[in-house]
Amino acid sequence: MSYEPARFDFSQPIRIDLYSDTRTRPSRAMKQAMVEAEMGDEQAGSDPSVWALCDYSAKLLGKEAAMFLPSGTMCNQVAIATHTRPGDEILAHEDAHIQSSEAGAPGAISGVLIRGLPGERGIFTADTLREAIRPVSRYSPPQTLVEVEQTANKGGGACWSVAGLQSVADVAHAHGMKVHMDGARLMNAAIALGVPASDIAASCDTVWLDFTKGLGAPLGAVLAGSRSFIGEAWRWKQRLGGAMRQGGMNAAACLYSLQHNIDRLAEDHANAAALARGMAQIPGITVEMPETNLVFFDIRGTGLTVPEFAARLRPHGVAVSSTDAYRGRACLHLDVSAAMVEEALGIMRTVVAG
Ligand SMILES: *Cc1c(COP(=O)(O)O)cnc(C)c1O
């Protein structure tokens, strides 16, 4: 078995890439910021651009300190490793990215169990959390961490409300658990809810956000928390190979994205709504109405599977992704314009009819 990704067919370029919001390319202005970045040795504390990004991010997220890491997956794993000990149990939604999409890392790296909680659109309630709390005994795994995903990716890009987070965090804290937010798309939630990211993350002990989703940077994520948490987390950053050298070049792109690409996420949400409305009118497709930039749809009624639908779109230069045979996902981001959404809809109508 090879797990290496198949090589892309470069003879068939994708023009309208709805596959993922990770598919953005750095803009000319972002690349300029990278070229001009001051650099040093990140793991020795001498890269000024990385410090600038960490300070800016900590403030944005309302935490004392932050660390720069190569990916969101590493933010989750550094946070889990720092918050827990082997044998502990994490409580998270059953569709959480840490459960389904990080190659078993919480078990492999931290030796922890994950208990998946049910809940509509990737979100669970304080009552559901309360019901999953085990008696403290010699037999039970220690439950030390609750994880929430903002926005809930497989939940259709749904947003946790500030009140919902607060009530879950209150239960967690009352039982001595910490709360960690996978904020891969936290800024999408901040824009959709009209609430500062720091208010959304206020009830969470740790939070990270990804620069390679809708923010449009080529690499990087930032993990934030208390100064003592970040201080301890540095050993895991080093241990996992996440301590970098001239990280400033990438940090400059990330800082650029925070300074230029947050407010425009509203355009992605408007484009997602337009795509959803249009797709809902195609016979055989049902659409989960989006709250943010992710549009999930069910294609069963067309007689096609999502991979078949995707294969028909591909020669037209359009890409979508699938979560299972009949549930697909289209993502909006800064490289997809309103005009491209209209064009994609026309192509979708044609390939479903044909
Ligand atoms: C993309 C994603 C991650 C992982 O981020 P990478 O930067 O790709 O490692 C984690 N959680 C959620 C919800 C995501 O969508």
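When a ligand or atom number is given, it counts from 1 through the structure's own listing order.
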TODO: Describe, in one word, how the ring planes of F10 and F8 are oriented to each other, choosing from parallel (under 30°), tilted (30 to 60°) and perpendicular (over 60°).
DONE: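 Ring orientation of F10 relative to F8: perpendicular.
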
TODO: Evaluate the ring planes of W160 and F124, with Trp represented by its six-membered ring, and classify them as parallel (under 30°), tilted (30 to 60°) or perpendicular (over 60°).
DONE: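 Taking F124 first and then W160, their aromatic rings stand perpendicular (interplane angle over 60°).
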
Could you tell me whether some N/O pair between [X] and ligand 1 is separated by less than 3.5 angstrom?
{"X": "T151", "answer": "no"}
{"X": "M74", "answer": "no"}
{"X": "W208", "answer": "no"}
{"X": "N153", "answer": "yes"}

Task: Within-4.5 Å side-chain heavy-atom neighbours: P218 and F211 - done: no

Task: Residue among I347, T350, V352 satisfying side chain to side chain contact (heavy atoms under 4.5 Å, CB included) with L313 - done: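 So the option named by the test is I347.
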
Open item on the list: Within 45 degrees of the ring normal and closer than 6.0 Å to the centroid, is that where the cationic atom of R312 sits relative to F309?
Closed with: no

Open item on the list: Using a 4.0 Å cutoff against the non-hydrogen atoms of E149, which atoms of ligand 1 qualify?
Closed with: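 Those of ligand 1 that fall under 4.0 Å from E149 are 13 (C).
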
TODO: Mind running salt bridge (charged side-chain N to carboxylate O under 4.0 Å, His left out) on K59 and D55 for me, showing each step along the way?
DONE: CA-CA 6 Å; K59 197 155 175 239; D55 291 348; over 6 Å; no

TODO: Can you pull out the closest protein heavy atom to atom 11 (N) of ligand 1? Residue, atom name and distance to 0.1 Å, please.
DONE: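 Looking only at protein heavy atoms, the one closest to atom 11 (N) of ligand 1 is D182 OD2, 2.6 Å.
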
Task: Nearest non-hydrogen protein atom, atom 5 (O) of ligand 1 - done: D210 OD2, 3.0 Å

Task: Residue-ligand contact K213/ligand 1, heavy atom below 4.0 Å - done: yes

